[in-house]
Every structure is written in structure tokens, then in C-alpha cells.
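Sequence lines set the chain letters: A, B, ... in the order given, protein chains first and strands last, and positions in each chain run from 1.
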Amino acid sequence: MDHNSISAQLNNFKKLVQSSSDPSQITPLVNQLKIASIIYLAKPETSADVNDKVKQDLVLARDILECLSLYSIKIKDLDSFDRYYSQLKTYYYDYKKFMNQSSVEHQVIGLYLMRLLTKHQTSLFHSELELISLEDRENPFIKFPLLIEKSMTEGSYNKVVQSKSVVPSEYYQCFLDILAESIKEDIANCSEKSFKTLSLKDAEKVLLFNNSAQFNQYVKSRNWTVQGDKIKFSNNDNAAVEIPSIQLIHQTLHYAKELERIV
Amino acid sequence: MADVEMVDKSNTEQATPKDTPKEASSLTLADLKRNVQLIEKGADTKEIRFITSVLRQTSAIRKKITESVLYQIVSTTFSVNDPKRAFLLTYLKPSSEEMEIDNTTTTTSTKDAHLDPEVESYLHLLVLIFLIDQKRYDQATTCATSLVETIQSKNRITLYPLSSKIFFYYSLAFEMAKKLEQVRPALLKALRTATLRHNDEGQATLTNLILRNYLEYNLVEQADQWVNNTEFPENASSNQYARYLYYQGRIKAIQLDYAESYKYLTQAIRKAPQNTAAGFRRTVYKLLCIVQLLTGEIPERNIFSQKSLKVALKPYFTLTQSVRVGDLVSFHSVVEQYSSLFKEDKTFTLIQRLHTNVIKAGLKKINTAYSRISFDDICKKLKFDGTAQDIMFIVSKTIKDGVIDATIDYEGGYLQSKDTVDAYSTQEPLVAFSDRIDICLKIHNDSLKAMRFHPDLNKAETEKIAEVAKTIKQEMERQAEESSDNEGDYDF
């Protein structure tokens, strides 16, 4: 396969995805493109190897990977998105100087950051963030996951939910849906600790449910006790204070032993 | 950038300013000649210590070196036909006077056809340092590359101390030329060689250089993998170890592992040389301050008042104050004011994370001051830009994180603080005292272990002491007897 036939394939793929025909048609094409991008397109090892033909190959390979990664989000195949991104990283950072910036680069990076948030890999999130220049962090595609991350650590869950209406692109939606679930868990954990009682009606609002049946099931799954129309959270503050006798004995014996050594 | 040059910042300059330039340069030349001889001696006898002692003076000599001195030493030490001589001389321009000296001395130096690689590398290194100091970075990189090539081809134990210095300046030259990325493969290769040859110091230096290289490009993930998959040689000098600890601290801080980071950074400060290396300590303290704030602690005030750090830490001091008070407005204005400085220090992203801590500190203060307060008022007090609902979630999270002890009344829309429990009715004092007792016992045991007794003192001295003690005792007994006798007399 040469450069032209691969790029023809890529165009074909783009058209197919646009017309959103059934996956059985697209999948073989995905596999072909994957192989093509790995085997047939040049990957220079030193900057001496780079000539115009190589540069074209690099751009094409990057385009393929970008298309594939966006497609993978569309069909919610997030594991392959991770794989595509780790391949793309080479093009974004190591081969950066040989080609112009791609139009979707920021979006793909932003999506990857969202992906890390949904996986709760905050340390990786911040390591990735370090790679992004301060100017690029102002880019709407990248700023969005940053805002989400900030709101999550802060506890402004409302903001995360509200952000649904201002997503920079449709691809982000998929991650926000996943996040909504984990936010619910977070809020529930916080509520258990911070409320003594909460009426069922308010709780439904606090936990951001819009469906009573789902909410009732959720209350059951968390083993919350319902009294009348109120949820009672069992804060065990009144647990009787026990005298830690065994610990005290250990400590005293330890002191005795040490004192003996000194005297 | 200055922080790497920890070793070279010592104030060992000996040249007195009274010397005229000519005298000074002839003195330097004599110094250099003596150093060359020392290195030759070291190479011949395979004694590393001669070479390390020469290298220890590098920083002193670095300040005194001039182009003409270098020209003279290079032209006289190398034989005329040596290609290396011509190579090094391309970097140096002689003054007219030196040209004459050059012509006269060449005849004498030809007899020494064979030159030790150690001497060769030493002079080459001096040229490299000179080029870096003169900010001729492009020349420095080519000069450094050829130097590294020569020392890599030779495996001599006497070259080891030189090689770690050489790699340090090699990396520095490329860093200054903003081409640090290019040396990474060479450094990795050199590390492999150093490890195989058990060149501990070289291994340590190279490990740090590679880490620095990764972090310069913010490749935190790679740097972390690197630390996990390599070993730091145990016998390396504490300066290198301090740097290694600092880099680890930085990696952990970015990865949100603040407790680990704090541990590494405090250790780095302890390992760093105490009187020199102000640049290194400054950098570590800056990062340490941020990390401490992120863990929710407030750094000790005396950190900021240290003499060598006071000015550099000023922005961090104001930042700490705003976090401590929990004032969002002043926090933002401090960040705004010093943002370019923080960016330069590469602490900016970490500082942005502090936003949450500021809110928490503010909430904590409110919680202790008010037993009951509505969310609207909290918003006003914190100057928080959001609805009461927003702040409720934040408060709820803060309660869950254990920062404040309170409950929320949703219907009433207020925050109810729990009565502060009398600390003396809990186990707290017991734990606190127990900790202190443990520390005291540990100090006692450690100092016992650390005590040294003179081997000869044992018998003779102790006998003498015992004798003295005996006589004193007898004396006292006699006195007691006498007095009792006297008393007896009175009784009668």
C-alpha cells in the first residue's frame, strides 16, 4: 500500500462514518487503517531521516489516528480510544516540529483528559496537564476538562451538571454521562456524613435524580433508613467512648521497660 | 536554572583583588600547570584522589580563567602535531603577546608526544566551562559533544571522576543552548556504560541529568517510570542524592501525592550542603512551601525569614498568608501579581490547585466563629461567586473530608457547627503525651548508641576516677566521724 491508496481509504472511512451506516461495514475499514498507519507509513527515528515524503506520511498517520479515536468515542469503545491516544502522543509531542498543528489536536487531548477524569486517574491527569502549555490551557476544548476537574475536587457538583449545556463538542457528552454516575456516588457519600436527616423530596433534588422510581431504588441500594418522609443518616457520634485498656497497658509496660534501661 | 550548579557555587575564590591582571593570570597559569601535573601523577599511579582534589578546585579556577591563560596552557601542554590541540585552539583567540610565547614554547613541548587522556579531558573540560561562561553556547555544544565522545571510548578508572563533571557541563551546555532534548539518547547510553563499569558517581550524576531532562520538558510520567525502574547508587555523594530527592519530590507533587513529596523535599533540604548551594535550597523551599499548603498545613514562619531566602520567598510568603486567612480575593490577586514569577518557577499549576484549600481554610474559620450560619452568608463571607446550592455541596464535601465538624440543615439552609468537644475528655492528650515521651526515649537511646568511649581510657582512667572517688568518700567519713565525736563531747 502506498500513501495515496491509504489516504483514499481514509476518505472512504470518513464518508462512511458521516453517513453513519452500520458498524459491520466500518469495522473492517478501521482494522485496515490501523494496520496501514503502523506498517506502511514512515516513522523517522532521528531528525536526519525526515524529508518531505516522510512528513506527508506523518501527517496522514496522524489524521488516521485522530479519525479513529473520534470514531471510537462515537461507538463508546473507550479502551481503544486510550490506545489510539497513546499512539497519537508521539505525533503530538515528539514529531511536533515536523508538521503543522492538527485542527482537532486540542479536542483529542481534551477528550483524553476527560477520559482520565472518568477513570479517576487524577495523578495521570495532572501529569498530562503538565505537557500542555499555559496558552493551550485557555483553549475551550482543554479548558472544559480543567473546569470539570476543579469543580469536582472543590465539590461544586452543580457546576459539573450544569456544564452539560456548554460542552465544546458532542464527543464530550459521552464522558459527562459517565461522570454523572460517579458524581451521584460522591454526593451520596458526602450527604451521609453531612446531613442528619433529609426529606425524600429534597434528597431527590440533592442527588440530582429526575425519576422517583430510580431514586427509590437507589435509596434502597445504599441501605438508608427511611422514617416517614425523611431519610435518617446514621452518624455514629454517640458511640460509647470505650477506655482503650489494652492499649494503655501496652503503653505503660513500654514506659516501664524504657525507664528501667535508663536507671 | 541556577539550582543545578550546586557544587560550583562555593565561595572559595582565593585570588586577591590586589593582583594586577598580569600577575593574576600568571598565577592562574601556574595553578593550572600544577593541576596538570597532579592529574598526570594521578593517572600514572592510578590514584583517584589526586584527580578529585584537582576537580574540587574547578569552581575556584573557573572564576579566574581567561582566554589567554587557557590558550597558553593548551598550546604548551599538547604537542604541536596533536589534532586535539588544533581543535581546542579553534575556540580560543590568543592576544599578540601569547603568539610569541606560543612560538617559543612549542619546541619544548614536542618531547612529550604522548599525553594522558585525563590531562587531555581536563583541559578540554576547562575550555568547555570557559565557553559556557562566555555564553558561547553553540560552540560549547560542539565542544562538549567531542569531549564526551573521547571519554566514552576509553575505560580508565582514573577518568571516572572527570567523566561525571564532563557530563554535567555537557548537559548544561545543551540546556543553555535550548537543545536539551538532543542529549537524551547520549545520556541514556552513557548511563548504561557507567552502570556496567560500576562508576557510581557517574551513574548518580547521569541519573539526575536524565531526570532533569525529562522534567525540563514536563515529561512527568516518563520521569516517574524512570525513577521506578532505575536504582540510585548508594555510594553516590550526598549532593547528587539531594538533587535526586528534589526531583522525586517534584514528580510526586505533580501526581498529587503530597505526603510523599513533602517527605522527599524535607530530606533533600537536609542532604543539601548547608552553607553553599543557596540556589538549590531556594528552589526546594519554594516547592516545599506549596506542597505544604496543598496538604493543608501552613509552613513555619521562620522558613521565610532565613537570610539567604528572604527575598526569593517573598511571593510565597504573601501567598501563604492569603491561604492561611482563607481569603479568595486576596489569593487571586497574589496569584495575578506574581503569575509570571510562579510560571518561571514552574509552580504555577500547583498553585492553581490551591484554590480549593483557600475555600477550605475560609470555611474552617467560619465554622469555628459561628455556631450557625446560612449558606447565603457563607457565600458573602468567602466572596464566592456561585449560588447557595453550590456552596452547600462544597461545604458537604469539606465535612466529608474531615476538615470541619458540622452538620447541614437542608430545609433551614444553614450550617450548624457541632459543639467543640472538650479535648481533655478524649484520648487526644494521651496520644500527644505518648508521642512526646516516645520522642524523648528515642533521643535518649540514640544518644547512648552514638556515644564513643576512648579505647585507652577504659582501665587507667576509670581506676583513677575510682581512686579519687574513694578518697573523697574516706574524707567525708572521717569528717562525719569527727563531727560525731565532737557531738559526743558536747553530750558529756
Is it the side chain or the backbone of B:Asp438 that comes within 4.5 Å of chain A heavy atoms, both, or neither? side chain
In terms of heavy-atom proximity below 4.5 Å to chain B, should A:Gln251 be classed as side chain, backbone, both, or neither? side chain
Atom CD in A:Glu130, atom CG in B:Leu219: separation rounded to 0.5 Å? 10.5 Å
Do B:Phe393 and A:Lys159 make a side-chain contact, defined as non-hydrogen atoms from C-beta onward lying under 4.5 Å apart? no
Ranking A:Asp202, A:Leu134, A:Leu129, A:Leu198 by heavy-atom pairs under 4.5 Å to chain B gives rank one to A:Asp202
B:Arg353-A:His126 side chain donor-acceptor pair, cut-off 3.5 Å: yes
Is the count of non-hydrogen atoms from other residues, nucleotides or ligands lying under 6.0 Å from A:Phe215 atom CZ greater than 12? yes
In terms of heavy-atom pairs under 4.5 Å, which option from A:Thr197, A:Ile262, A:Thr122, A:Asp186 contacts chain B the most? A:Ile262
Is the number of heavy atoms from other residues, nucleotides or ligands under 6.0 Å of B:His332 NE2 greater than 12? yes
Among B:Val220, B:Ile254, B:Asp224, B:Ile391, the residue with the most heavy-atom pairs under 4.5 Å to chain A is B:Ile254
In this structure, are over 12 heavy atoms from other groups packed under 6.0 Å from A:Lys119 atom NZ? yes
For B:Ile394, is it the side chain, the backbone, both, or neither that has a heavy atom closer than 4.5 Å to a heavy atom of chain A? both
What heavy-atom pair brings B:Lys397 and A:Met152 nearest, and what distance separates the two atoms? CE-O, 3.7 Å
Using non-hydrogen atoms and a 4.5 Å limit, figure out which bit of A:Leu248 sits close to chain B: side chain, backbone, both or neither. side chain
Atom NZ of residue position B:Lys365 - does it have more than 12 heavy atoms of other residues, nucleotides or ligands inside 6.0 Å? no
Between B:Asp401, B:Ile399, B:Thr349, B:Ile408, the one whose heavy-atom pairs under 4.5 Å with chain A are most numerous: B:Ile408
So for B:Ile251, is it side chain, backbone, both, or neither that comes closer than 4.5 Å to the heavy atoms of chain A? neither
In this structure, CG of B:Asp390 is separated from OH of A:Tyr157 (nearest 0.5 Å) by 12.5 Å
For A:Lys184, is the NZ atom crowded, meaning more than 12 foreign heavy atoms sit under 6.0 Å from it? yes
Drop me the distance from A:Asn158's CG to B:Met392's CE, to the nearest 0.5 angstrom. 8.0 Å
Taking every heavy atom of B:Ser396 against every heavy atom of A:Cys190, the minimum-distance pair comes out as OG-CB, 3.0 Å
Can you tell me if B:Gln225 has over 12 outside heavy atoms packed within less than 6.0 Å of its CD? yes
Proximity breakdown for B:Phe348 and chain A, heavy-atom pairs closer than 4.5 Å: side chain
How far does OG of B:Ser434 sit from NE2 of A:His254, to the nearest 0.5 angstrom? 7.5 Å
May I ask you to check whether over 12 heavy atoms, not counting those of B:Phe433, lie within 6.0 Å of atom CZ? no
Residue part contacting chain A, namely of B:Asn445, when any heavy atom lies under 4.5 Å: side chain
Max heavy-atom pairs within cutoff under 4.5 Å with chain B, candidates A:Ser156, A:Pro244, A:Ser127, goes to A:Ser127
Determine whether more than 12 heavy atoms belonging to other residues, nucleotides or ligands lie under 6.0 Å from atom CD of A:Gln162. yes
Cut-off 4.5 Å, heavy atoms of chain B, and the answer for A:Ser151 is neither
So which of A:Val206, A:Asn189, A:Leu259, A:Leu124 has the biggest tally of heavy-atom pairs under 4.5 Å with chain B? A:Val206
At what distance, to the nearest 0.5 angstrom, does CD of A:Glu128 lie from CG of B:Asn218? 11.5 Å
Do A:Arg261 and B:Leu448 come close enough that some side-chain heavy atom pair is under 4.5 Å? no
